Amino acid sequence: MAVDRNVSDEPLLLPSGGQPRRASKLAKSLARGTLKLAMWTLFLAWITMFFVIPTEVGTDFYSDWEDATSGTLYGTQGSVLLLYSAPILLIAVLAVPYLLLSGGQEDDAIAEQKKSPGLRLRTFPVLVDGVFGVVSAAEFIGIAMFVAFVLWAVYWYTVVNFEMLPSYGDLTPLEKRVQMLQMSAYIFGLTALTCLAFLFLPVARGSILLRLVDIPFEHATRYHVWLGNLTMFLLTMHGLCYFIVWFIRGIVLESIIEWKSDGGANFAGVICYCFGFTMWVTTLPPVRKRFFELFFYTHQLYIIFVIFFALHVGDTYVSKAAGGIFLFMLDRFLRFWQSRRKVDVISATSFPCGSVSLVISKPKNLQYNALGFIFLQLRDISRLQWHPFSVSSSPLDGSHHLSVLIKSVGEWTGKLRNSVSDLLVSQTQLYGPNASIVASVEGPYGHESPYHLMYKKLILVAGGSGISPFLAILSDVLHRVRDDKPCLPRDILLIWAVKRSNEISLLSTIDMDSICPSFSDKVNVDIRVFVTRESEASLEEGKIEKVVSLNTRSRGGSMSVLVGTGNKIWSGAYVVISILGFLITLALLDACYLNPYSISKWWYRGILFVGCMFVSVIIFGGGVVYFWHRSENVTPAGEEDREESERIGYMLDQETTQYKLCENTSVSYGQRPDFKEILD
């Protein structure tokens, strides 16, 4: 007898409240679908606009659009702002309710993946070996779109310029070529301006847009690199063409130092390009790899770059790139306030291989993903250097701490290991936890969704301290299996290559039997370690060297919750109120100063426009940050006691761990992993 499973699985009597809950879930799904459709429509219309504007139809539309909106409060800058920057800002605003409605959908996402696993454009590799590295299908589409846009824009702008050429009067053949070269310089500038509108979006670490598309900052930085190279190439062509024109006309010096009030201020553009070129040169791989600090510090010149860019082009053209710049300013302001907090390092563990594990205090309401990472600064070592480290703990390990694993490979990490060693000696001599380590932390950042939980089989490949995020994954999976939480992985293969056997001690940071007793009955975990520079075991079989832990005394506090990837309500309010504040500030400037006094100087209006963005972030965004900060200090009674209990328990666990290799761990000496053999 055939049975309709959809009918037979339904209870005859629905539990109390079941129908309202189902209706609520349906309403949420409908709202999310509507918001998603609206954001996609806006985005596609925004992209289409960039392709249409260079054409003859687009040029006419743009002129009519400016004429129609020139008499409004915001004037011409408002019409350009509405056309170029408003769509991306509106998408950021719509992303707030969308992410709020998506809260708690993690379990549904895992279940959905179980039902319908399929091809993902974002992860499916198209190019593996090339100048761009590994490129996914979605990234390839994006690259193709930008290349197509540049070619399309240059072509159509050139067509329009040829049609405009007769309007300059009777010109000799040489004058026509020079005039076309000058107009081509302008074309390159306009095209670079479009790229600049996207340039700052990928490097906003806690950006709500990155949360929306679930692309972590460390992945998005490559898009910034690609866009930066393209932008600087176009700006170089822009400046080079103008220089050639000036050289032919014999007006090089006077043109370079020219500072127009009714057009582009050339001298400001030259300064802007010099700073941009300096940043560009230091990003080249040979320079960046050998002189990373030079690359890092010169990149802070972006502030001067933006200021002189505004002085060069004026408020109307700044409006074209204002959306991305403003969202980056929001992120940078929030990062500044989070990084000011002094954070306790609860305990530090020194390993024989030179690595150090730090356990950092965090508030319970600061959530993170097992695939997350943080930026760490230790002021006793350097007040300027920030270093990124993957989180090596699962959010389920404890609600008041997270861990990072740091290998001593450079000057900064070497000083950290030496500091921990000195504190160990100090603690031994004083017979108590009198030592202290205080850090500053930014983050955590990372994926919005735990995609490591959405596959039945996981193959994790690591080298050296690169095992850090995989320890977090193992811990997260075991916790979820123990607690019967949604978790697809049931077969996990970890392939780990190390140089020396003393690095195996890093496995002691996770005690799988303690997390999930008899886990082997539920999850098949196979850890294969390959020691490449030792031909035989130098330690007693099945054991590894003992690590030494340092318990520290409290001197600072927990990590700040002021991070864009934190509380969705507060981070969303921060974005929305700041954007509204920017529009209000701009309206007040126009109504009270620019329009009444007929301020028309391009460079002056440009710097005032950037000033409005800065002021709105400080005043309106700062107000939200203040109340957000106050909210994290409101802790329920007894919370501190529970937090301290968790800390002590964790530290004791670190000290009493049995440093033995698990039965599911195999060690091979004097060889590298043969992936063909392993995967077959």
Side-chain angles (χ1 to χ4, degrees), residues 38-72 74-91 141-168 176 179-201 227 230-231 233-235 237-238 241-242 262-264 269 309-310 312-326 602 605-606 609:
M39 288 186 290
W40 267 109
T41 303
L42 266 174
F43 179 73
L44 293 176
W46 189 46
I47 297 299
T48 303
M49 182 269 299
F50 284 113
F51 278 88
V52 171
I53 289 296
T55 65
E56 295 182 39
V57 175
T59 303
D60 294 338
F61 166 76
Y62 185 77
S63 299
D64 295 340
W65 177 265
E66 279 191 326
D67 294 339
T69 55
S70 60
T72 59
Y74 291 101
T76 303
Q77 69 170 12
S79 62
V80 176
L81 184 70
L82 183 62
L83 200 61
Y84 283 88
S85 293
I88 196 65
L89 293 177
L90 185 55
I91 290 174
I141 293 172
I143 293 172
M145 283 185 60
F146 267 98
V147 172
F149 165 75
V150 171
L151 297 177
W152 174 271
V154 170
Y155 169 76
W156 275 106
Y157 279 133
T158 303
V159 170
V160 173
N161 286 343
F162 267 114
E163 294 179 354
M164 291 175 57
L165 194 59
S167 65
Y168 289 95
K176 287 183 179 180
Q179 185 62 40
M180 279 301 301
L181 186 61
Q182 180 173 327
M183 290 191 290
S184 297
Y186 182 70
I187 289 173
F188 286 120
L190 284 179
T191 310
L193 194 58
T194 302
C195 296
L196 199 62
F198 293 86
L199 182 63
F200 287 88
L201 292 175
L227 285 167
L230 179 58
T231 302
F233 169 75
L234 293 171
L235 288 179
M237 296 299 297
H238 170 69
C241 289
Y242 269 121
D262 58 347
F309 163 70
H312 174 54
V313 301
D315 59 332
T316 300
Y317 287 101
V318 172
S319 300
K320 293 186 177 184
I325 295 175
F326 186 73
W602 279 33
R605 291 178 66 100
F609 186 89

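Since the model is a prediction, treat every value here as computed from it, not as a measurement. Side chains included, hydrogens not; waters and symmetry mates left out as well; all remaining heavy atoms used.
- The two residues Ser319 and Tyr84 come nearest to each other via the heavy atoms O-CB, 4.3 Å.
- By the 4.5 Å heavy-atom criterion applied to side chains, Lys320 and Leu190 are counted as neighbours.
- One distance of note links CD1 of Ile91 with OG1 of Thr41; it measures 9.5 Å at 0.5 Å rounding.
- When all heavy atoms of Val160 and Pro54 are compared, the pair lying nearest together is CG2-O, 3.9 Å.
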side-chain contact (heavy atoms from CB on, under 4.5 Å) evaluation trace for Thr191 with Phe50: CA-CA 10 Å; Thr191 310; Phe50 284 113; over 6 Å; no
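- With Ser63 contributing its side chain and Thr59 its backbone, the two residues share a donor-acceptor pair below 3.5 Å.
- Between Asp315 atom CG and Trp602 atom CH2 the span is 9.0 Å, to the nearest 0.5 Å.
- In terms of heavy-atom proximity, Ala192 sits nearest to Leu235 at CB-CD2, 3.6 Å.
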Test side-chain contact (heavy atoms from CB on, under 4.5 Å) on Thr158 and Met180 and set out the steps. CA-CA 8 Å; Thr158 303; Met180 279 301 301; 4.2 Å; yes
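- Here the CG-CD distance, from Asn161 to Gln182, works out to 10.5 Å after rounding to the nearest 0.5 Å.
- Phe233 CZ: 12 or fewer foreign heavy atoms inside a 6.0 Å radius.
- Take Val313 and apply the side chain to side chain contact (heavy atoms under 4.5 Å, CB included) test, not counting sequence neighbours, and it matches Phe309, Tyr317, Val318.
- Note on ring orientation: taking the six-membered ring where Trp is involved, the planes of Trp156 and Trp152 are tilted (angle from 30° to 60°).
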Going through the distances and angles, do Phe61 and Ile53 end up as a side-chain contact (heavy atoms from CB on, under 4.5 Å)? CA-CA 8 Å; Phe61 166 76; Ile53 289 296; 4.2 Å; yes
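- Ser79 and Trp65 make their closest contact through O-NE1, 2.8 Å (heavy atoms, listed as atom of the first residue, atom of the second, distance).
- Residues Phe200 and Gly324 share a closest heavy-atom pair of CB-O, 3.6 Å.
- Relative ring orientation between Phe43 and Trp40 is described as perpendicular, the plane-to-plane angle rising above 60° on a 0-90° scale split at 30° and 60°.
- Ring-plane geometry between Phe198 and Trp46 is classed as tilted, the angle between the planes lying from 30 to 60 degrees on a 0 to 90 degree scale.
- Heavy atoms only, all atoms of each residue included: Ala322 and Ser85 are closest at N-OG, 3.4 Å.
- For the pair Thr231 (side chain) and Leu227 (backbone), a donor-acceptor distance under 3.5 Å is present.
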Check step by step if side-chain contact (heavy atoms from CB on, under 4.5 Å) holds for Tyr62 and Leu83. CA-CA 9 Å; Tyr62 185 77; Leu83 200 61; 3.9 Å; yes
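- One finds the CD1 atom of Ile187 at 10.5 Å from the CG atom of Leu181 (value rounded to the nearest 0.5 Å).
- The distance from the CD1 atom of Ile143 to the CG atom of Leu230 is 11.0 Å, given to the nearest 0.5 Å.
- With contacts defined as side-chain heavy-atom distances shorter than 4.5 Å, the pair Tyr157/Met183 does not qualify.
- With values rounded to the nearest 0.5 angstrom, Glu56 atom CD is found 4.0 Å from Glu163 atom CD.
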